There are 2 protein chains.
Amino acid sequence: MTTVLIADDQPMQRFGFRMLLESQDDMTVVGEATNGTEATRLVDRHRPDVVLMDIRMPGLDGIEATRRIIATGARTRILIVTTFDLDEYAYDGLRAGASGFLVKDAQPEELLAGIRAVASGDAVVAPSLTRRLLDAYIHHLPASPTAAPRPEDPRLATLTEREREILTVIGQGWTNTEIAERLHLAESTVKTHVGRILSKTGTRDRVQAVILAYDTQLVMPA
Amino acid sequence: MTTVLIADDQPMQRFGFRMLLESQDDMTVVGEATNGTEATRLVDRHRPDVVLMDIRMPGLDGIEATRRIIATGARTRILIVTTFDLDEYAYDGLRAGASGFLVKDAQPEELLAGIRAVASGDAVVAPSLTRRLLDAYIHHLPASPTAAPRPEDPRLATLTEREREILTVIGQGWTNTEIAERLHLAESTVKTHVGRILSKTGTRDRVQAVILAYDTQLVMPA
DNA sequence: TGCCTCGTCGTACCCCGGTACTACACGGCC
DNA sequence: GGCCGTGTAGTACCGGGGTACGACGAGGCA
């Protein structure tokens with residue numbers, strides 16, 4: 001279940017978002033904010049997976065709110081949704097740490113797809129902006145592997161300490177037998193842990209768990 | 001009416017694309033090419049709005065075909081659609097002048113939306129790649145104009161091209177069955193490849209192969 | 001006192017992954 | 001022509017991985 005916080009100063013806009021999201025059985029709206037300050041406070045309280053963030057809001061705007069939320073190290077992903085697709089807004093928002101940028105006149109399906117993509121760690125950008133993004137930066141590719149100081153990944157949120165340990169050694173390539181030996185456990189115990197890890201993280205086998213371990217930087221490439 | 005040219009060496013893939021596109025009343029398929037050379041010739045003849053371009057094709061591949069088509073000054077937009085979402089492919093393709101990059105396991109609606117966006121002059125990028133694009137842009141990383149051919153890791157030295165491809169998708173968490181389906185191979189063939197990869201790289205199972213793939217940067221953390 | 005989470009261990013079952021072969025078509029090369 | 005690397009495909013076998021259960025002690029907390 002993806003938890004979403006709506007931050008927008010216009011009541012009808014919030015209403016529309018809420019209706020759309022609540023109609024999906026894998027999403028739930030955990031709160032509504034009418035300005036940036038309120039948004040940061042509600043993120044702090046509810047720890048949503050995703051924030052639908054408007055840019056133009058009285059008081060603290062969406063960009064600055066994004067910056068502050070990211071600065072707290074929260075696992076929350078921020079999806080900026082605005083009426084304007086002006087470059088500077090978008091660039092500022094993305095630079096502030098947002099995971100995506102969509103325009104309000106997008107189709108509902110696009111919005112939902114965007115939320116799901118962002119929640120799963122991907123990023124989305126409105127096509128109208130992607131063009132400019134590519135034009136401006138295509139010549140600076142590919143990216144260097146410099147790692148961003150990423151906050152705790154939501155996919156690991158529900159894991160216990162012990163499960164994190166197990167996931168780490170899975171990420172180092174240990175078999176269940178090896179884990180059992182080196183951690184002085186019964187193999188059945190290891191299997192129980194592994195099963196719970198796969199279930200909690202939504203991965204189907206240890207291979208994908210290894211990939212998750214890398215993606216979340218629980219383990220790092222040699 | 002958006003005119004589309006399909007360039008893919010696999011007949012069933014072309015068929016699927018054609019069926020999907022012809023079901024839309026604002027699109028029409030004006031031709032099918034089975035390799036890059038044919039694609040450039042057909043673009044020259046039909047001047048389609050959009051080319052659905054596969055990367056892997058016998059003879060002239062999709063990247064080089066894109067480069068040549070763009071070089072002719074045609075106003076045809078190129079949308080790369082491939083099984084692989086590998087960085088280097090994507091970057092090369094975009095650098096070659098493509099307007100977008102989607103993966104074949106995308107939803108049909110995504111593909112259609114992508115074609116319409118590209119036809120109207122916008123650009124689209126698969127969410128899984130957008131993440132990396134943003135990371136590259138946001139951190140203002142130094143440009144490496146010519147596709148950084150990093151020093152080949154000795155552990156991969158003896159692998160053939162095909163084996164590298166297989167290792168790459170193993171590193172993305174695909175099961176043997178999935179590899180077989182998506183690469184149009186028999187599962188026994190996949191197993192043969194996997195076995196050779198493990199043997200050549202000195203890894204004992206696919207989990208360690210995944211780790212090797214990350215360590216050698218054949219795949220990168222999301 | 002009761003309830004919950006966490007960590008531990010067990011059994012039974014099934015399927016995928018990996019191994020060990022063999023086999024054949026194709027293209028390049030000597 | 002003959003050889004070899006590469007990519008493809010097959011059969012047979014078995015062990016580890018993953019699932020679905022149930023169970024129990026320790027500790028936190030209301």
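What you are looking at is a predicted structure, and each value in this text was computed from that prediction instead of being measured.
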Report the distance from atom CG of B/Leu52 to atom CG of B/Leu21, rounding to the nearest 0.5 Å.
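Reported value, rounded in 0.5 Å steps: 6.0 Å.
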Inter-residue atom distance A/Lys191.NZ - A/Ile166.CD1, 0.5 Å rounding
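So the NZ of A/Lys191 and the CD1 of A/Ile166 are separated by 14.0 Å.
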Please check the phosphate of [N] (OP1 and OP2 only) for any side-chain N or O of [X] closer than 4.0 Å.
{"X": "A/Asn176", "N": "D/dG16", "result": "no"}
{"X": "B/His193", "N": "D/dT8", "result": "yes"}
{"X": "B/Thr189", "N": "D/dA9", "result": "yes"}
{"X": "B/Ser188", "N": "D/dG10", "result": "yes"}

Out of [options], which has the shortest distance to the side chain of [X]?
{"X": "B/Arg196", "options": "C/dA23, D/dG18, C/dT8", "value": "C/dA23"}
{"X": "B/Thr192", "options": "C/dG17, D/dG10, C/dT8", "value": "D/dG10"}
{"X": "B/Thr175", "options": "C/dG17, D/dG17, D/dA9", "value": "C/dG17"}
{"X": "B/Leu185", "options": "D/dT19, C/dC9, D/dA9", "value": "D/dA9"}
{"X": "B/Ala186", "options": "D/dG10, C/dG7, D/dT19", "value": "D/dG10"}
{"X": "B/Arg206", "options": "C/dG10, C/dG18, D/dT8", "value": "C/dG18"}

In terms of the nearest nucleotide of DNA chain C, which residue is placed more toward the 5' end: A/Thr160 or B/Asp205?
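The residue closer to the strand's 5' end, by nearest nucleotide, is A/Thr160.
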How many whole angstroms separate atom [atom1] of [X] from atom [atom2] of [N]?
{"X": "B/Glu163", "N": "D/dT6", "atom1": "CD", "atom2": "P", "answer": "7 Å"}
{"X": "A/Arg204", "N": "C/dC14", "atom1": "CZ", "atom2": "P", "answer": "22 Å"}
{"X": "A/Lys200", "N": "C/dT5", "atom1": "NZ", "atom2": "C1'", "answer": "9 Å"}
{"X": "B/Ile197", "N": "D/dG7", "atom1": "CD1", "atom2": "P", "answer": "10 Å"}
{"X": "A/Glu187", "N": "D/dT19", "atom1": "CD", "atom2": "P", "answer": "15 Å"}
{"X": "B/Ile179", "N": "D/dA9", "atom1": "CD1", "atom2": "P", "answer": "14 Å"}
{"X": "A/Ile166", "N": "C/dC9", "atom1": "CD1", "atom2": "P", "answer": "11 Å"}
{"X": "A/Arg164", "N": "C/dG7", "atom1": "CZ", "atom2": "P", "answer": "11 Å"}

Assess, by modelled atom type and distance only, whether the side chains of B/Thr2 and B/Asp49 contain a donor and an acceptor separated by less than 3.5 Å.
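The criterion, which ignores hydrogens and geometry beyond distance, is not satisfied for B/Asp49 and B/Thr2.
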In plain terms, say whether A/Arg204 and B/Glu178 are close enough for a salt bridge, that is, a side-chain N and a carboxylate O under 4.0 Å apart.
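So A/Arg204 pairs with B/Glu178 through a salt bridge.
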Heavy-atom side-chain proximity of A/Val81 to A/Phe17 below 4.5 angstrom
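A side-chain contact exists here, since the closest heavy-atom pair is under 4.5 Å.
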